[in-house]
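Indexing begins at 1, ligand by ligand and atom by atom, following the structure's order.
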Amino acid sequence: MGSPLETKELMVELQSKGIKITQGTGKGRQGGAGPANGKGLVFGKNQITVPTTGECAINSHYTLHEDGEHSLIFKDGELVSEVELIGTPRFYALHTADGVPYNKIALLHGRDCLASTVIQTCSRWHGGERCQFCGIGTSLSDNKTMPVKTPKQLAEVAEVAVCLDGVTHVTLTAGTTANPLYGIKHLGDCAQAIKEATGLPVHVQFEPVNDLSTYSHLKDCGVDTVGMHLESFDQKVRERITPGKAKLPVSEYFEGFAKAVEVFGRNQVSTYIIIGLGESLADTLAGCIRCIKMGVYPFVVPLRPVKETTFANMSPPEPKTMIELYTEVARALADNGLRAAASKAGCVRCGACSVLPAFER
Ligand code: SF4
């Protein structure tokens, strides 16, 4: 059961190839944002979410078997690793005084990150501009969540999740609002309420804005880290995959990154970069290095098949591609003094959607 290098490679394989669930364990969270349609697995210090649906998982050589005592991963019937599963958090069993289940307000991501989509609607959902990988409206119509979570509800859930499940940081995101500043304001209000109730470090995600005071306002609300997600450095890929967001040129993201670093500091600003959308690897690496030099952590992740989206049966990139990219990006991170472990909150600190943090070590 493997040296650390083998474990790292196994994690990459699993995120690219998916895993079949054989016995004793569910498929993990279905639908929604972030690590949807995946199962949380822990390998020592590293945690990852692995696709459990879509053609990649159905045809995977890997299977997960749980017998009540052990969780085991097999490849073509041969045992390759024991693994720890991330179980259902205890706070999911509770609800607010007015009867809203806590897991319609926030979810556990990875082992210890409380995550919520505080506005579950997006002005781009109808009308052909939605992001191709996104299931924000699907979770809402499936009645798995609330359209808007209030600061008070989030503070209540966060307090309980700290006590019952040892949550240590928070990720807040939102669909795009017709006036983007409204969404950002609501994110700030939610962050402030959570911070006042728990003191937890909070990460928020939004699209870049021109005005430095917006970033300063979020900082004043108690936000510790921010993410502005480009998804790809390739404008043609952006126009195909994220047609609405692509109207904001890549240059505006970089302007936003600079402003955010000025306010939150190096290593506390990130962008999500999805691999497997037809982008050039050389251009992706160049884009990542440009981010890293300015203090922005490029959180590189493989495409994930998400049910009921156009990505449902798409295949994640080959492990070889991910290993190559992780190795180069990790080297650039080290050369420029950035580390996932130094991020105070959010996806970079959580790390479950990418094996990049494991390549840093
Ligand atoms: S990396 Fe981000 S989206 Fe993925 S599980 Fe962690 S907090 Fe959620």
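- In summary, an N, O or S atom of Cys350 is located under 2.8 Å from atom 6 (Fe) of ligand 1.
- Which parts of ligand 1 touch Phe299 is read off a 4.0 Å heavy-atom cut-off, strictly below it: atoms 1 (S).
- Residues Ser213 and Asp211 bring a donor and an acceptor atom of their side chains to less than 3.5 Å of each other.
- Residue Cys353 has at least one heavy-atom neighbour below 4.0 Å for each of these atoms of ligand 1: 1 (S), 3 (S), 4 (Fe), 5 (S).
- For the side chain to side chain donor-acceptor pair (under 3.5 Å) condition, the pairs that include at least one residue of residues 247-259, sequence neighbours left out, are Glu129-Lys247.
- In summary, the side chains of Glu84 and Ser71 do not present any donor paired with an acceptor at a separation below 3.5 Å, with no hydrogens or angles considered.
- Note that Lys8 lies in the cation-pi zone of Phe359, set by a 6.0 Å cut-off to the ring centre and a 45° limit from the axis.
- Not one N or O on the side chain of Ser343 forms a donor-acceptor pair closer than 3.5 Å with the backbone of Arg339.
- Counting the atoms of ligand 1 from 1 in the order shown, those under 4.0 Å from a heavy atom of Cys347 are 1 (S), 2 (Fe), 3 (S), 7 (S).
- Counting backbone and side-chain atoms alike, His109 contributes an N/O/S atom closer than 2.8 Å to atom 8 (Fe) of ligand 1.
- Listed by atom number, the atoms of ligand 1 under 4.0 Å from Tyr272 heavy atoms are 3 (S), 4 (Fe).
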